[in-house]
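Every chain is numbered from 1 and lettered A, B, ... according to where its sequence line falls, protein lines coming before strand lines. Owing to the predicted nature of the structure, the values given are computational and were not obtained by experimental measurement.
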There are 2 protein chains.
Amino acid sequence: MTASRTARERVRAELTREITDIARRQLATEGAGGLSLRAVAREMGMVSSAIYRYFPSRDDLLTALIVDGYNALGEAVEQAGSACPRDDFPGRWLAACHAVREWAVAHPHEYALIYGSPVPGYQAPQDTIAARVRDVAVYGRIISDAWEAGAITPPADHAPEELERDAGSFRELMPGVPDAVIWRAVSAWTALYGWVGFEVFGQFNNVIENHRTAFEHAMRLAADTIGIAQ
Amino acid sequence: MTASRTARERVRAELTREITDIARRQLATEGAGGLSLRAVAREMGMVSSAIYRYFPSRDDLLTALIVDGYNALGEAVEQAGSACPRDDFPGRWLAACHAVREWAVAHPHEYALIYGSPVPGYQAPQDTIAARVRDVAVYGRIISDAWEAGAITPPADHAPEELERDAGSFRELMPGVPDAVIWRAVSAWTALYGWVGFEVFGQFNNVIENHRTAFEHAMRLAADTIGIAQ
DNA sequence: AAAAAACGAGAGCACTGCTCTTGACGGCCA
DNA sequence: TGGCCGTCAAGAGCAGTGCTCTCGTTTTTT
């Protein structure tokens with residue numbers, strides 16, 4: 001079966017990959033709205049209708065790029081997290097934060113695709129949910145590791161009772177962690193992506209210059225909120 | 001001069017307003033990408049080229065909507081902030097937070113326009129910067145009021161020296177407030193808009209149900225970070 | 001009343017996503 | 001080896017978009 005694949009399926013896989021590569025380049029320069037199937041076809045020397053043999057619609061091509069984006073971001077965060085000693089929880093936290101920020105700054109349009117406003121008329125298919133949690137899983141692991149190791153000072157407050165059910169999805173990512181810490185982690189999470197979004201989408205233009213330093217300071221404050229000893 | 005205006009300029013103002021109204025409705029249903037000059041013209045019973053007498057390009061129409069959005073959001077936050085007793089700083093903070101969240105949930109596409117990923121190829125003109133700071137000015141005033149009243153516990157840490165210049169823009173919004181508090185406020189600010197963005201853009205779908213309660217809890221934690229006594 | 005400015009309508013250009021049909025090529029079974 | 005079926009690129013075409021230009025008409029100004 002591999003023999004039969006070699007001929008046709010191999011060139012098909014190659015072309016599919018070439019399409020996504022060109023599309024990703026277009027995405028990086030023009031943004032999601034400027035992604036044009038016809039332009040991709042033109043750059044490949046194909047006629048536009050031929051692209052539809054590989055991607056049934058523009059949204060399908062976009063979906064492929066989104067999944068790639070999730071995986072690329074997730075991989076960057078995973079690598080950063082695993083580069084630190086396992087018991088250096090502040091270090092792992094900061095490394096993961098820097099990873100997502102640096103990836104986002106390097107790939108602003110791809111970041112916009114996965115964490116920005118949803119592109120109009122586009123509905124994320126189920127294929128994406130597997131890859132979309134790779135980054136948050138890293139944060140969850142850091143926090144549950146830290147809690148297990150006693151490196152998180154238990155907060156004085158506790159979460160509102162109404163939120164007991166809502167914490168369910170997060171408990172799976174942070175097993176054993178009490179709800180009060182979970183909600184503090186969620187809050188830090190929103191601060192992280194809120195900052196990155198502000199920076200990538202230009203809200204900090206002409207306001208902040210030392211982006212990295214300011215970001216790290218903010219993420220230290222976020223770690224404080226969680227209770228990670230620094 | 002008002003007499004001469006009445007004839008032509010009045011119908012012009014009326015038509016301009018009608019165009020933006022229809023465009024805003026289209027924006028609310030289709031999103032920024034689905035905003036079509038031709039569709040607006042069609043709905044007005046005009047021919048598409050006539051629209052260009054009122055807005056030189058699609059981007060200009062979009063800019064008008066963006067400015068309107070900034071003003072609407074800013075007004076909502078201002079009203080919420082002034083509805084509280086002036087010395088109830090946690091109350092003012094929470095009210096302002098709820099205001100931006102509720103406005104964003106009620107007008108997701110408009111929120112996406114002003115706080116989401118920038119629409120491709122669109123460059124925000126200078127006209128917008130006047131209206132864009134109305135909401136953050138409210139936060140700045142709450143915090144500087146609170147600091148002046150001694151209602152903020154001075155933080156133990158201080159900000160990195162490198163960030164002294166970067167804090168400049170924020171100092172104007174929070175006169176008299178020390179840098180350490182400023183950066184805590186910025187961090188809370190990113191947590192606020194990070195949360196709202198997550199909720200509006202669907203990252204919390206199938207994850208959180210009691211949005212309002214969870215949001216308020218997170219904003220209380222943010223107030224803690226700033227040091228606002230609750 | 002005459003000149004000037006503003007206006008709506010229409011045609012047209014270049015572009016988009018997408019569909020359908022046509023002809024050619026390549027891998028499979030007899 | 002020969003036929004056959006599926007896959008493929010190509011082309012034409014449809015409906016839609018932003019935008020430009022011109023042409024009469026209407027309104028304002030001089």
Check: Considering residues at least two apart in sequence or located in another chain, which fulfil the side-chain contact (heavy atoms from CB on, under 4.5 Å) criterion with B/T213?
Finding: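 Here the qualifying residues are A/P160, A/E162, A/L163, B/N210.
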Check: Which residues satisfy the side-chain contact (heavy atoms from CB on, under 4.5 Å) test with A/V207, sequence neighbours excluded?
Finding: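 Expected list: B/S169, B/F170.
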Check: Between A/R165 and B/E209, is there a salt bridge with N-O shorter than 4.0 Å?
Finding: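 Salt bridge: no.
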Notebook entry, point to check: Any salt bridge between B/R10 and B/E14, counting N to O under 4.0 Å?
Noted result: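 No, no charged N to carboxylate O under 4.0 Å.
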Next item on the list: Kindly assign one of parallel, tilted or perpendicular to the pair A/F204 and B/W189, based on the angle between their ring planes and the thresholds 30° and 60°.
Entry: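 Tilted, since the angle between the ring planes falls between 30° and 60°.
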Checklist line | Residues forming a ring pair (Phe, Tyr, Trp, His ring centres under 6.0 Å) with A/Y70, sequence neighbours excluded | finding: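 With sequence neighbours excluded, A/Y70 shows a ring pair (Phe, Tyr, Trp, His ring centres under 6.0 Å) to no residue whatsoever.
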Notebook entry, point to check: If the sugar-phosphate is the primed atoms plus P, OP1 and OP2 and the base is the rest, what is the B/S/- string for nucleotides 4-12 of chain C, using protein heavy atoms under 4.0 Å?
Noted result: --BBBBB-B
Notebook entry, point to check: Can you check whether A/R10 has a side-chain N or O nearer than 4.0 Å to OP1 or OP2 of C/dG26?
Noted result: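 No, no such contact exists.
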Margin query: So, taking the atom named OH in A/Y193 and the one named OH in A/Y115, what distance separates them when rounded to the nearest 0.5 Å?
Written below: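 Between A/Y193 OH and A/Y115 OH, I get 4.0 Å after rounding to 0.5 Å.
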Note to self: In this structure, how many angstroms lie between the C1' atom of D/dG16 and the CG atom of B/L37, rounded?
What the structure shows: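 Taking CG of B/L37 and C1' of D/dG16, I get 13 Å after rounding.
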Checklist line | Rounded distance (Å) that lies between atom P of D/dA10 and atom CZ of A/R42 | finding: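 Roughly 14 Å, once rounded to whole Å.
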Which donor-acceptor pairs under 3.5 Å do side chains of residues 32-51 of chain B form with protein atoms, sequence neighbours excluded?
residue: B/S36; atom: OG; partner: B/R38; partner atom: N; Å: 3.3
residue: B/S36; atom: OG; partner: B/A39; partner atom: N; Å: 3.0
residue: B/E43; atom: OE2; partner: B/R25; partner atom: NH2; Å: 2.1

Note to self: Taking any heavy-atom pair under 4.0 Å as a contact, classify B/L35: base, sugar-phosphate, or nothing.
What the structure shows: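 Contact class for B/L35: sugar-phosphate only.
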Next item on the list: For DNA chain C, determine which residues of residues 16-24 of chain A have any heavy atom closer than 4.0 angstrom to one of its atoms, and list them numerically.
Entry: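 Those residues: none at all.
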